[in-house]
Amino acid sequence: MLAVLVLVALAPDQQLPAGVDSALAVCLDSLDITRGQMNFDRHWSKGVALPDSTVLRALTDVHSLPGILAGEVGALPDCNTAYGGEDPMADLLLLLEGRAEAYSAAFDSAAGAGDTLACLLPVVFADADHPGQWDSPGALHRSWGLAEPGDPEVEPDSLAGLLSRWPVPPPLDPDTFTCLALELGGMRVPAADMAAPGVEGAVADFDTTGPVSWVIGGPGPNTYGGGFDLIVDPGGDDTYRGHCAAAAAPAGRFVAVVVDLVGDDRYLTELPGAQGSGFGGLGVLVDLAGDDTYTAGALSQGCGLAGQGLLADLAGDDTYRADYMSQGAAMMGEGDLLDAAGHDSYRVTAFGQGFGGPGGRGTLCDRAGHDSYLAGFRYPHEPLLREDHRAMSQGFAMGLRPFVAGGVGLLADLGLGNDTYRAEVFGQGAAYYYGLGMLYDSAGQDSYTAAQYSQGSGIHLAAGCLWEGGGDDVYVSRRGPAQGSAHDLSTGFLLDADGDDWYCSDGGQALALTNSACIFADLAGDDVYAAAGGGQGEAPWRRGFGGAAVFLDLADDDLFLGPGGGDELWRLPSYGVGADVPRSGPPDSLADDPVGAPGSLELDSLFRVASEWAVAENRRRVLAHREELGRRGAEAVEYIVGQRLNAWDGLELRAMESALKENPEPAVPALAESLLASDRDRVRGNCAWLLGRLGETSGRPALEEVLEDSLPVGLRATVVEALGRIGEPASIAAIVPLARDSSSRVRTRVAAALGAIGDSAAVPLLRELAGDPQLDVRSAAEHALEELRGNPDGAGG
């Protein structure tokens with residue numbers, strides 16, 4: 001049995017790592033937006049056919065992407081399931097007989113759509129401008145020696161209806177087949193002294209009379225064609241040609257399985273549909289050992305088209321080569337390529353290595369080794385980039401715009417090796433039109449290279465995610481959007497957990513174009529960032545409203561070629577923000593430190609500890625330093641107001657709040673004076689925020705006075721919120737004019753502040769705001785009215 005791989009790198013989880021979560025909150029606070037406001041409506045094509053619920057969740061909630069990835073990675077087959085039966089050969093034959101009946105019934109019940117789809121599905125993603133031998137309607141029929149049914153000439157808008165008429169049976173767990181194959185590895189094989197039709201070399205036994213034809217090869221080398229439904233080969237360096245391990249409903253073959261137990265084998269064909277290909281059926285290839293070579297045409301090596309395709313190689317240094325829609329690719333079905341061990345090489349021309357088309361889930365999972373992944377270099381991306389080629393691979397998914405939604409594509413490399421990923425246009429955890437593409441690499445010194453639309457980016461109503469668990473990595477995309485970016489009502493996410501990394505793109509690193517939302521997070525290491533064409537937390541204004549982009553670098557010394565850097569926070573249009581944070585949490589050396597002697601520290605050192613994370617073993621220590629800062633009285637107030645009000649870090653603001661609350665008499669006038677005198681928006685914003693937190697009525701006049709100035713949107717909203725926290729009815733007159741502010745964020749704060757003040761005089765205005773076209777404003781006003789209804793001094797209703 002195979003050993004279970006233990007991952008030591010940072011794996012995706014349902015929740016963001018604590019440092020990312022906290023820094024994200026600080027950044028969003030600086031923009032005066034909430035997490036929920038990043039999830040504005042992006043599902044614009046409500047009538048799109050065959051939408052996938054997981055894809056819709058990823059599209060509409062950018063924060064859900066790590067959790068979705070965690071769920072998909074957690075559900076990957078481990079190729080280590082124990083067998084609980086007594087006769088694996090008999091159980092496998094019985095299983096295949098049932099699958100053949102299910103797929104045959106599905107094909108027969110497709111109400112005439114079966115033959116039409118048999119012409120269309122294999123060439124949906126073929127390049128009509130650069131056709132090969134098998135890239136035209138009816139090609140699959142020709143490859144099987146069948147008469148072509150003719151070009152159905154189906155319009156794209158009617159394809160969805162045809163797809164929905166083919167009831168695909170639910171796929172089986174791939175571990176079902178690896179489990180049976182591993183058990184067959186211990187079978188006793190009789191002497192090989194028989195000749196079987198279509199097989200070169202002696203075989204041990206075969207049967208062509210039952211519902212599932214089968215052959216058991218000999219201990220020496222054999223050469224097989226595709227004549228048997230089940231091939232079990234116990235030994236030798238074997239060769240497999242033609243449609244081996246390929247099911248094709250039009251040919252009447254609904255199941256096809258190959259199990260090869262040992263040997264350095266060759267799987268060789270130029271035909272489409274081979275080596276674990278299920279078209280309207282089940283195609284499985286399991287190879288238990290040896291350094292193997294796989295070469296095939298399109299629709300191969302773990303491809304499911306209205307069916308299930310699986311290729312599982314459990315040991316050896318292997319080489320995979322295939323044309324489009326291969327190496328873990330699916331449409332209206334499931335396609336998986338699983339490699340459990342060895343240093344492997346993968347190459348596909350397009351739409352592979354974890355590709356999900358409409359109704360499809362495609363996965364490539366490699367569990368160990370130093371691996372290389374290559375996609376593209378055949379089909380030009382015309383007319384946009386004539387010198388580059390389409391990849392659409394390496395954790396990629398797409399639909400048929402504007403009619404049919406895409407599926408889910410995942411490439412997961414779970415080993416600790418140094419891996420190389422190279423794709424051209426579209427790939428590496430990217431997606432297009434209602435698709436969700438994901439790439440997860442556990443660890444290692446990895447290299448990612450692409451031409452455009454790559455590395456955790458969603459394009460045109462899609463969602464992309466890339467999670468790198470650790471290592472010194474290199475990310476290059478010659479064009480953007482790339483590297484945790486998104487374009488046109490999409491979402492993008494990139495997280496790199498550790499290492500000294502290099503990022504380079506002409507437009508990327510948290511670039512939210514055309515009303516999109518994205519998050520980029522690098523947790524540690526001395527990193528280099530170059531974004532020449534925009535990015536590092538930028539969300540330009542389009543279609544009359546903005547997007548949202550957050551860029552986070554959480555530790556160590558970094559070099560920026562772009563807008564960011566300098567251990568600071570920066571804001572870019574429209575709701576774009578970046579943060580270069582020195583550290584994402586308390587230093588390891590402080591984790592078990594005692595409280596120490598805060599009373600002996602000078603103010604700089606005292607404030608620095610008071611601004612650390614009050615978590616776990618460090619909590620008592622930080623709180624003790626905050627208490628001591630408060631005990632310093634006027635000295636602490638003078639220090640904070642004179643030297644610290646330009647802070648952007650939320651932890652520093654917590655330390656200030658704690659100290660100033662202990663000293664309201666000197667703090668409030670000092671903050672009020674700074675609020676009115678400073679010409680720096682961050683200083684004024686922090687003053688307003690702190691005055692609101694202190695809640696002293698003596699801070700109200702300065703806040704009301706500053707509202708008379710021309711303030712940025714975020715500062716207007718912060719001042720209104722502060723007045724609401726103080727809660728004086730006399731402030732209503734200063735707040736009311738902002739109820740018609742052009743910013744919905746300001747109007748939302750107005751409604752919330754009026755509700756917090758709790759005076760019935762605000763009821764008419766709150767009723768007006770409850771009819772605001774923006775949901776956030778409306779909900780805040782409705783909540784305020786509910787609060788007033790429950791207030792005996794108010795008159796809401």
Side-chain angles (χ1 to χ4, degrees), residues 27 376 381 384-389 391 421-430 439 446-460 464 466 468 472-488 490-496 499-522 525-542 546-554 556-581:
C27 286
H381 189 57
L384 300 178
L385 299 173
R386 296 182 182 276
E387 301 304 317
D388 291 303
H389 303 82
Y421 302 87
R422 188 177 179 190
E424 289 196 273
V425 182
F426 285 109
Q428 299 173 1
L439 193 159
D446 305 312
S447 174
Y448 301 86
T449 305
Q452 189 179 34
Y453 299 142
S454 62
Q455 299 164 9
S457 299
I459 309 297
H460 296 303
L466 191 158
E468 166 66 52
D472 300 334
D473 308 305
V474 177
Y475 303 83
V476 176
S477 182
R478 287 188 289 109
R479 297 177 178 85
Q483 298 169 5
S485 297
H487 170 48
D488 188 20
S490 297
T491 55
F493 183 94
L494 186 151
L495 184 145
D496 188 292
D500 301 333
D501 308 307
W502 288 66
Y503 302 88
C504 181
S505 178
D506 182 14
Q509 301 154 29
L511 175 62
L513 293 174
T514 323
N515 319 119
S516 297
C518 60
I519 298 171
F520 177 108
D522 187 291
D526 298 334
D527 308 307
V528 177
Y529 300 96
Q536 293 176 16
E538 184 177 1
W541 190 269
R542 292 292 185 274
V550 179
F551 172 94
L552 303 171
D553 182 281
L554 299 188
D556 304 317
D557 298 322
D558 309 300
L559 174 64
F560 285 80
L561 302 176
D567 291 343
E568 63 178 8
L569 179 144
W570 60 92
R571 287 179 288 188
L572 298 171
S574 51
Y575 299 117
V577 61
D580 181 21
V581 185

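It should be emphasised that the depicted structure is a prediction, and the values quoted were computed from it without experimental measurement.
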_Contact between Ser447 and Tyr421 at the side-chain level, heavy atoms closer than 4.5 Å - yes or no?_
no
*Would you find a donor on one side and an acceptor on the other, under 3.5 Å apart, between the side chain of Asp500 and the backbone of Asp472?*
no
*So, do Leu385 and Glu424 sit near enough that their side-chain heavy atoms are less than 4.5 Å apart?*
no
*How far apart are the closest heavy atoms of Asp388 and Arg479, and which atoms are they?*
OD2-NH1, 3.0 Å
*Side chain proximity check, Val577 to Leu569, heavy atoms < 4.5 angstrom*: yes
*Pro540 and Leu511, any side-chain heavy atoms less than 4.5 Å apart*: yes
*asked:* Please give me the minimum heavy-atom distance between Ala579 and Cys27, naming the atom from each residue.
replied: CB-SG, 3.6 Å
*Atom pair CD1/OG1 of Ile519 and Thr491 - distance to nearest 0.5 Å*: 9.5 Å
*Do the ring planes of Phe560 and Tyr529 sit parallel (below 30°), tilted (30 to 60°) or perpendicular (above 60°)?*
parallel
*Do you know the tightest heavy-atom contact between Asp488 and Ser516?*
N-OG, 3.1 Å
*Give the ring-plane orientation class for Phe551 versus Trp570, where under 30° counts as parallel, over 60° as perpendicular and anything between as tilted.*
tilted
*Which atom pair, heavy atoms only, marks the closest approach of Gly492 to Ala486?*
N-CB, 3.8 Å
*asked:* For a quick test of reading the model, state the closest non-hydrogen atom pair linking Ala482 to Ser485 and the distance between them.
replied: O-OG, 2.8 Å
*asked:* Do Glu468 and Asp446 make a side-chain contact, defined as non-hydrogen atoms from C-beta onward lying under 4.5 Å apart?
replied: yes
*asked:* If we ignore hydrogens and angles and just use 3.5 Å, is the side chain of Gln509 paired with the main-chain N or O of Ala530 as donor and acceptor?
replied: yes
*For Asp501 and Asp527, indicate whether the former's side chain and the latter's backbone hold a donor-acceptor pair under 3.5 Å.*
no
_Rounded to the nearest 0.5 Å, what separates atom OG in Ser505 from atom CD in Gln483?_
5.0 Å
_Just verifying a value: how many Å separate Asp553 CG and Asp522 CG, rounded to the nearest 0.5 Å?_
5.0 Å
_With rounding to the nearest 0.5 angstrom, report the CG to SG distance, Leu513 to Cys518._
8.5 Å
*Flag the pair Leu384 / Gln452 as yes when at least one side-chain heavy-atom distance between them is below 4.5 Å, and no otherwise.*
no
_Quick one: does any side-chain atom of Glu538 pair with a main-chain N or O of Ala549 as donor and acceptor, under 3.5 Å?_
no
*With distance as the sole test, does Ser490 use its side chain to make a donor-acceptor pair with the main-chain N or O of His460 at under 3.5 Å?*
yes
_Which heavy atom of Thr449 sits nearest to which heavy atom of Gln428, and what is that distance?_
O-NE2, 2.9 Å
*Find the distance between CZ (Phe520) and CG (Leu495) and round it off to the nearest 0.5 Å.*
9.0 Å
*asked:* Angle between ring planes, Tyr475 versus Tyr448, binned at 30° and 60°: parallel, tilted or perpendicular?
replied: parallel
*Just how far is it from atom CG of Asn515 to atom NE2 of His487, taken to the nearest 0.5 Å?*
10.0 Å
